[in-house]
**Student:** 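Below you'll find the structure I mean.
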Protein chains: 2
Amino acid sequence: MPDTPALGLRDRKRIETRLRIETAAVEIVTAEGLDGATVDMISDRADISPRTFFNYFESKEDAILGTQDMGEVQRAIDAGVAGAETDDLVVAIVSTMFHIFGPMAARTQLKTQRMALVQEHPRLLSRQIHQFTQLNSTMAAAVVQFLNKRETTLPRDPEHVAEIAVATCVASVRIAVKEWIAAGATADIDSMYLRAIGLTRETLNTLQ
Amino acid sequence: MPDTPALGLRDRKRIETRLRIETAAVEIVTAEGLDGATVDMISDRADISPRTFFNYFESKEDAILGTQDMGEVQRAIDAGVAGAETDDLVVAIVSTMFHIFGPMAARTQLKTQRMALVQEHPRLLSRQIHQFTQLNSTMAAAVVQFLNKRETTLPRDPEHVAEIAVATCVASVRIAVKEWIAAGATADIDSMYLRAIGLTRETLNTLQ
DNA sequence: AGCAATAATTGCAGAGACTGCAAAAATGCA
DNA sequence: TGCATTTTTGCAGTCTCTGCAATTATTGCT
């Protein structure tokens, strides 16, 4: 794990500004609702001009959701799925998703508040799904690696199977997250993780 | 099947106008791209004022995607999943989806063109997923009915299992549709249906 | 046919999201 | 310090979408 390669003032400021915008966005939307929050208000609170807002985010929704550093996500996925010790695909996929989002959910108020907003506003949910679409195909690619590594015979269409498998796990995790938020976001992350796996298993049994 | 309950001129015109807007939207977007098509252009071609456009659709994307009559969908779902002869849940769900969308895809150029647009433009895809979200919970409710009817033991969380099962099947169908479109949208619908079921099965085997 | 109730269409004014462009400010580096 | 590179900002403009009130069309009734 390479440590921060000595960011200059310029980059540190950029990162800080981005975080300030995300925070302002989540706070104002929480207080005023999705339509009540305008880009002007968010920019105001983040101490930037409205024009600068759009240098950082493509849309209001993106600022609320934040944007993943895709390089980082890529690394987490490769480490998680491809390098999993288990032979169980469900465990590999779900645990990887929690490696990406678990630590993210871990401490900060910002992330938890954001998850709650996503549950509350369908528009945000659909934007998030949109964001995750590319992430899903990255994950599916890693799943294909995983399948190749496993001793069992390959399915006929590894790419497609991987995509569907990911979709199934994503649905389970989504429900686990929803329950976790509904219960006050206080339970620990591990229980959410186990819950997601349990739900997937139950579904597989039922479908077969 | 009750036949049309004698629609008056008013309703017939409304239906016709709606179709004219949907058609204009799909045609112009196909020709000019998603951003190249404006509401003004679409309204122009559909022979209505831009203001009227928004009496029919909430957004440009909605007009392109069209909107399902949710009552009709509800009936199809109940008939399909709840009234399925099979004991196989996958078959029940997938065949229901094709009862809803199969006939829709059947002949008209509009529907096929629309599916192609959805493949092409991620923004449309995410909006469609958004539209389908409520449809998914309707479907999940029907799946719960189905599970109750079956002799096998109920899973612990029927609602959640149903939701995940639907998500899995939706992913399979989505891939089957994508392949179908990619192959020129010429193959018959049944092959697409069988393909979706096959993909689901393959995934279940792999996951377990 | 004529008339009143109801519904659909439209224009208008305006808010808000977002973009391109070019000037101004901040930062990095020699 | 002075020059090159980034970042921020203002401005003007386009487009989506909404509320409101006037106009027009449809319907049911007499």
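Each chain gets a letter, A, B and so on, in the order its sequence line appears, and its residues count up from 1. These figures come from a predicted structure and were not determined experimentally.
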**Student:** Will you find, in the side chains of B:T23 and B:R45, an N or O donor that is under 3.5 Å from an N or O acceptor?
**Tutor:**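 Distance-only check fails for B:T23 and B:R45.
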**Student:** Give me the one residue out of A:T168, A:T200, A:T203 that meets side-chain hydrogen bond (donor to acceptor under 3.5 Å, both in side chains) with B:T168.
**Tutor:**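 Exactly one option meets the side-chain hydrogen bond (donor to acceptor under 3.5 Å, both in side chains) with B:T168, and it is A:T168.
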**Student:** For C:dA8, does either OP1 or OP2 sit under 4.0 Å from a side-chain N or O belonging to B:K13?
**Tutor:**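 Indeed not, no polar side-chain atom of B:K13 lies that close.
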**Student:** Can you tell me the distance, in whole Å, between the CG atom of B:L34 and the P atom of D:dT16?
**Tutor:**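 Spelled out: CG on B:L34 to P on D:dT16 is 10 Å.
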**Student:** Looking at every strand, decide which applies to B:F57 at a 4.0 Å heavy-atom threshold: base, sugar-phosphate, or nothing.
**Tutor:**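 No contact.
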**Student:** If you look at every strand shown and take non-hydrogen atoms under 4.0 Å, does B:Y56 touch a base, only sugar-phosphate, or nothing?
**Tutor:**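 B:Y56: backbone/sugar contact only, no base atoms under 4.0 Å.
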**Student:** Would you kindly give the CZ-to-P distance between B:R14 and D:dA25, to the nearest whole Å?
**Tutor:**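 Distance, rounded to whole Å: 17 Å.
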**Student:** What's the CZ-C1' distance between B:R10 and C:dT9, to the nearest Å?
**Tutor:**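 From B:R10 CZ to C:dT9 C1': 12 Å.
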**Student:** Nearest of C:dA8, D:dC17, C:dT10 to any side-chain atom of B:I48?
**Tutor:**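 The answer is C:dT10, which lies nearest to the side chain.
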**Student:** Could you go over nucleotides 10-15 of chain D and give all protein N or O partners under 3.5 Å, atom names and distances?
**Tutor:**
from, atom 1, to, atom 2, distance (Å)
D:dG10, O6, A:R51, NE, 3.3

**Student:** Separation of A:R18 atom CZ from D:dT8 atom C1', in whole Å?
**Tutor:**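 A:R18 atom CZ is separated from D:dT8 atom C1' by 15 Å.
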**Student:** Within 45° of the six-membered ring axis of B:Y56 and under 6.0 Å from that ring's centre, is NZ or CZ of B:R20 located there?
**Tutor:**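 The answer is no; the distance or angle limit is not met.
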**Student:** Consider only side-chain N and O atoms of A:R195 and A:S172, and report whether a donor and an acceptor are under 3.5 Å apart.
**Tutor:**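 Not at all, the side chains of A:R195 and A:S172 share no donor-acceptor pair under 3.5 Å.
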